[in-house]
A.B. asks: 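Before I ask anything, let me first share the structure, which is written out below as structure tokens.
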Amino acid sequence: MKCSSKLFLLLLLLLSLTVLAQSVMKPFPQHVEYAEGTILPSKWAQSELDASVQAFYDRWKATYLRTVPGVEPKQVYLDWNVKESPWVEPVNSVTVSEAHGYGMMILAYMAGYDEESKELFDAMYRFYRAHPSRFNDRLMAWQQLEVEDEEGKIVIIDTEDNDSAVDGDLDIGFALLLADNQWGNDGEINYRSEGLACIKQIMDAVVNPDEAIILLGDWVKEKKEEMPQYCTVTRPSDFILDHLNAFAVVDPENSEAWQVVYDKIISISQYIYENYTPKTGLLPDFLERDETGAYVPAEGTVLETEHDGDYNWNACRVPWRIGTEYLISGNPELRQQLKTMNSWIQEATGSDPLNINPGYYILNEKEGTPIVRDWEGTDMSFVAPFAVSACASAESQEWLDRLWTAMISDSWDTGLPFEEVTYFPNTIRMINLIIVSGNYWLPE
């Protein structure tokens with residue numbers, strides 16, 4: 001009888017462990033085999049690469065994830081203003097949809113290492129649903145503020161212009177598909193159906209079907225009568241090609257349309273490379289359609305700054321975004337552009353990642369000339385994405401190793417200390433560490 005009881009308990013334990021193991025279907029690390037000819041950092045064992053990602057994640061999570069006070073069930077957001085940065089306006093802004101998309105993706109990829117990832121992901125999902133765009137309820141209002149209500153309680157509200165910004169929604173939709181592949185849909189949230197709802201609204205509200213371009217947000221179509229010029233403006237940092245491939249697979253109703261957008265992005269990217277940036281392979285912050293119908297670097301201020309037509313704070317993400325697509329698909333149309341980008345940035349910096357300038361000119365025959373800032377040094381927002389593009393070819397092995405060193409370093413001598421860096425560069429660094437360590441996968 002005692003043996004039977006012990007056997008029963010053993011079987012129960014094994015069953016519990018099996019259920020626990022099945023609860024995370026793609027636990028970190030995944031060790032994905034990227035496209036043929038691509039590389040990873042070579043001076044570290046895979047276990048060391050994974051450990052660096054995990055260590056950075058622990059710091060990132062502790063620093064940036066915040067719980068909304070007094071709200072049940074729990075809601076979580078990614079605080080983009082931890083260091084009260086002077087560029088954050090208004091000063092009581094606590095997050096934006098861009099940050100929210102990043103956070104949801106990171107949590108999905110780190111499941112298995114972080115036992116809390118599903119709980120936190122679900123709480124971030126609730127925050128996303130609690131702050132919809134005024135025009136489309138499955139897209140997220142682009143910015144949230146912390147204020148006191150009439151009773152003196154701290155609450156999170158949307159900014160007055162509570163419409164969407166497409167980059168956040170692209171990542172949120174993608175993250176929900178990751179969650180479907182990671183945890184299944186037997187719990188509170190049907191991740192797949194929620195992801196599809198988001199993706200379909202992006203297609204309906206943020207894609208210009210006549211131009212097959214991704215617009216800046218759902219406000220463009222809503223305000224096309226008063227601001228028609230934005231109907232032919234697109235942003236290369238939103239050229240998230242691997243997401244579009246995933247959308248085409250899971251959204252059969254719009255599969256062909258997603259493929260058309262993908263192909264249009266490739267053609268635009270190649271046109272800019274061949275006609276504007278043959279030396280650098282860079283893309284600008286914003287593109288606008290000219291009188292011939294071609295998409296060209298913006299002239300002057302289109303939405304943000306005088307550098308809208310240059311490689312600036314938006315476009316710094318391009319080597320990461322198009323580089324990821326090459327790692328996953330091996331699309332040969334991207335190979336030469338990435339090779340040019342890698343060769344140029346190594347020469348421009350003397351193969352020192354800390355010499356990467358935070359911004360380069362593209363327009364007015366200044367291609368590759370550093371944008372002069374009122375401060376010295378580099379920024380991880382510009383450094384880390386070049387590590388993803390460096391993974392595209394074996395010729396960049398030494399350069400990639402130096403970039404990885406800079407990404408994981410906490411010293412001014414070899415990198416940028418975590419505590420001295422703000423949300424944007426540290427979060428880009430976090431995602432790029434996952435990719436460059438060989439742990440980035442697509443949902444099915």
Side-chain angles (χ1 to χ4, degrees), residues 59-108 114 116-173 175-176 179 187-191 194-195 197-198 201-202 205-206 216-220 222-223 303-304 419 422-424 426-427:
R59 300 180 74 180
W60 174 87
K61 174 186 172 183
T63 302
Y64 298 111
L65 291 187
R66 295 283 185 273
T67 299
V68 180
V71 174
E72 291 293 339
K74 183 178 179 179
Q75 292 181 17
V76 167
Y77 64 92
L78 184 61
D79 192 339
W80 81 322
N81 198 19
V82 170
K83 296 182 72 68
E84 299 183 349
S85 303
W87 47 266
V88 172
E89 295 181 358
V91 294
N92 62 329
S93 173
V94 293
T95 196
V96 286
S97 61
E98 162 210 280
H100 210 75
Y102 293 161
M104 290 176 73
M105 286 198 303
I106 292 166
L107 288 171
D114 182 359
E116 294 182 319
S117 61
K118 185 180 186 300
E119 175 191 343
L120 292 169
F121 185 97
D122 290 356
M124 290 199 80
Y125 163 81
R126 295 186 202 104
F127 186 92
Y128 144 68
R129 294 291 285 123
H131 297 276
S133 163
R134 56 179 161 159
F135 298 126
N136 296 277
D137 68 345
R138 297 292 174 158
L139 306 183
M140 186 172 172
W142 80 276
Q143 185 182 44
Q144 285 70 47
L145 315 175
E146 184 179 84
V147 299
E148 286 189 5
D149 65 12
E150 294 178 352
E151 299 177 353
K153 296 179 180 178
I154 298 296
V155 295
I156 307 295
I157 65 169
D158 298 324
T159 189
E160 288 185 8
D161 55 338
N162 58 335
D163 39 42
S164 79
V166 71
D167 55 342
D169 294 319
L170 288 166
D171 284 337
I172 288 169
L176 286 163
E188 166 195 349
I189 303 164
N190 187 313
Y191 302 116
E194 292 299 306
C198 177
Q201 279 202 353
I202 295 172
V206 195
L216 303 177
D218 62 0
W219 57 272
V220 176
E222 294 291 337
K223 299 178 180 180
L303 187 69
E304 295 185 1
E419 297 298 337
T422 60
Y423 134 80
F424 189 64
N426 267 341
T427 303

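Basis for what follows: all heavy atoms, side chains included, without hydrogens, waters or symmetry-related copies.
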A.B. asks: Take the angle between the ring planes of Tyr64 and Tyr423 and call it parallel below 30°, perpendicular above 60°, tilted in between.
C.D. replies: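 Taking Tyr423 first and then Tyr64, their aromatic rings stand perpendicular (interplane angle over 60°).
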A.B. asks: Which pair of non-hydrogen atoms, one from Phe127 and one from Val76, has the smallest distance, and what is that distance?
C.D. replies: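 Where Phe127 meets Val76 most closely, the heavy atoms are CB-O, 3.4 Å.
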A.B. asks: Got Val82 and Arg66 here, is their nearest side-chain heavy-atom distance under 4.5 Å?
C.D. replies: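 Side-chain contact under 4.5 Å: yes.
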A.B. asks: With a 4.5 Å limit on heavy-atom distance, are the side chains of Val155 and Glu148 in contact?
C.D. replies: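 A side-chain contact under 4.5 Å is absent here.
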A.B. asks: For Val94, does its backbone N or O pair with a side-chain atom of Asn81 as donor and acceptor, under 3.5 Å?
C.D. replies: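 Such a contact is absent between Asn81 side chain and Val94 backbone.
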A.B. asks: Going by an N to O cut-off under 4.0 Å, is there a salt bridge joining Arg134 and Glu222?
C.D. replies: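 Answer for the salt bridge query: no.
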A.B. asks: Are Arg126 and Glu188 within salt-bridge range, i.e. N to O under 4.0 Å?
C.D. replies: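 Yes, Arg126 and Glu188 are salt-bridged.
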A.B. asks: Please determine which of Leu176, Ile189, Asp114 meets the side-chain contact (heavy atoms from CB on, under 4.5 Å) test together with Phe121.
C.D. replies: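 Among Leu176, Ile189, Asp114, the one meeting side-chain contact (heavy atoms from CB on, under 4.5 Å) with Phe121 is Leu176.
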A.B. asks: Check whether the side chains of Asp169 and Tyr128 place a donor and an acceptor atom closer than 3.5 Å, and report yes or no.
C.D. replies: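 The answer is no; no qualifying pair exists.
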A.B. asks: Please give me the minimum heavy-atom distance between Ser97 and Ile172, naming the atom from each residue.
C.D. replies: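 Shortest heavy-atom separation between Ser97 and Ile172 comes out as O-CD1, 4.4 Å.
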A.B. asks: Would you check if the side chain of Trp142 reaches a backbone N or O of Thr159 as a donor-acceptor pair within less than 3.5 Å?
C.D. replies: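 It does not hold such a pair.
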A.B. asks: Is the backbone of His100 close enough, under 3.5 Å, to the side chain of Asp171 for a donor and an acceptor to pair up by distance?
C.D. replies: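 Flag not set: sc Asp171 to bb His100 has no pair under 3.5 Å.
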A.B. asks: Gln144 and Tyr77: side-chain donor and acceptor closer than 3.5 Å?
C.D. replies: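 Per modelled atom types, Gln144 and Tyr77 side chains form no pair under 3.5 Å.
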A.B. asks: Testing the basics here: between Leu78 and Ala99, what is the closest heavy-atom pair and its distance to 0.1 Å?
C.D. replies: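 So the minimum-distance heavy-atom pair works out to CD2-O, 3.1 Å.
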A.B. asks: Working to the nearest 0.5 Å, report the span between OG of Ser117 and CD1 of Ile106.
C.D. replies: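 Rounded to the nearest 0.5 Å, the OG-CD1 separation comes to 12.5 Å.
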A.B. asks: Just verifying a value: how many Å separate Leu216 CG and Asp167 CG, rounded to the nearest 0.5 Å?
C.D. replies: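 One finds 9.5 Å between CG of Leu216 and CG of Asp167.
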A.B. asks: For Val71 versus Gln75, what's the shortest heavy-atom pair and its separation?
C.D. replies: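 Shortest heavy-atom separation between Val71 and Gln75 comes out as CG1-NE2, 3.6 Å.
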A.B. asks: Any chance the side chains of Trp60 and Thr427 put a donor and an acceptor closer than 3.5 Å?
C.D. replies: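 Yes, because at least one side-chain N or O of Trp60 sits under 3.5 Å from a partner of the opposite role on Thr427.
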A.B. asks: Does the side chain to side chain contact (heavy atoms under 4.5 Å, CB included) test come out yes or no for Val96 and Tyr102, once each step is laid out?
C.D. replies: CA-CA 10 Å; Val96 286; Tyr102 293 161; over 6 Å; no
A.B. asks: Just verifying a value: how many Å separate Ser133 OG and Arg138 CZ, rounded to the nearest 0.5 Å?
C.D. replies: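 Here the interatomic distance stands at 13.0 Å.
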A.B. asks: At their closest point, which heavy atom of Met104 faces which heavy atom of Tyr125, and how far apart are they?
C.D. replies: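 For Met104 versus Tyr125, the nearest heavy atoms are CE-CA, 4.2 Å.
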A.B. asks: Using 0.5 Å steps for rounding, measure from the NZ atom of Lys61 to the OG1 atom of Thr63.
C.D. replies: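 OG1 of Thr63 is found 12.0 Å from NZ of Lys61.
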A.B. asks: Give, for atom OG of Ser164 and atom CZ of Phe135, the distance between the pair rounded to the nearest 0.5 Å.
C.D. replies: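 Result: 9.0 Å between the selected atoms.
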A.B. asks: Is the closest side-chain donor-acceptor distance between Asp137 and Gln201 under 3.5 Å?
C.D. replies: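 Side-chain D/A pair, Asp137 to Gln201: present.
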A.B. asks: Quickly, which of Asp163, Val166, Ile202 forms a side-chain contact (heavy atoms from CB on, under 4.5 Å) with Asp218? Name it, please.
C.D. replies: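 The residue from Asp163, Val166, Ile202 that satisfies side-chain contact (heavy atoms from CB on, under 4.5 Å) with Asp218 turns out to be Asp163.
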A.B. asks: Keeping Gln143 on the side-chain end and Glu89 on the backbone end, is there a donor-acceptor pair under 3.5 Å?
C.D. replies: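 Yes, the answer is positive, given that a donor and an acceptor are paired below the 3.5 Å cut-off.
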A.B. asks: Do Lys118 and Leu107 come close enough that some side-chain heavy atom pair is under 4.5 Å?
C.D. replies: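 Of all side-chain heavy-atom pairs linking Leu107 with Lys118, none is under 4.5 Å.
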A.B. asks: On a heavy-atom basis, which atom in Arg129 and which in Pro132 lie closest, and how many Å separate them?
C.D. replies: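 Nearest pair, atom of Arg129 first, then Pro132: O-CD, 3.6 Å.
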A.B. asks: Rounded to the nearest 0.5 Å, what separation is found between the CG atom of Leu170 and the CD atom of Glu98?
C.D. replies: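 That separation rounds to 12.0 Å.
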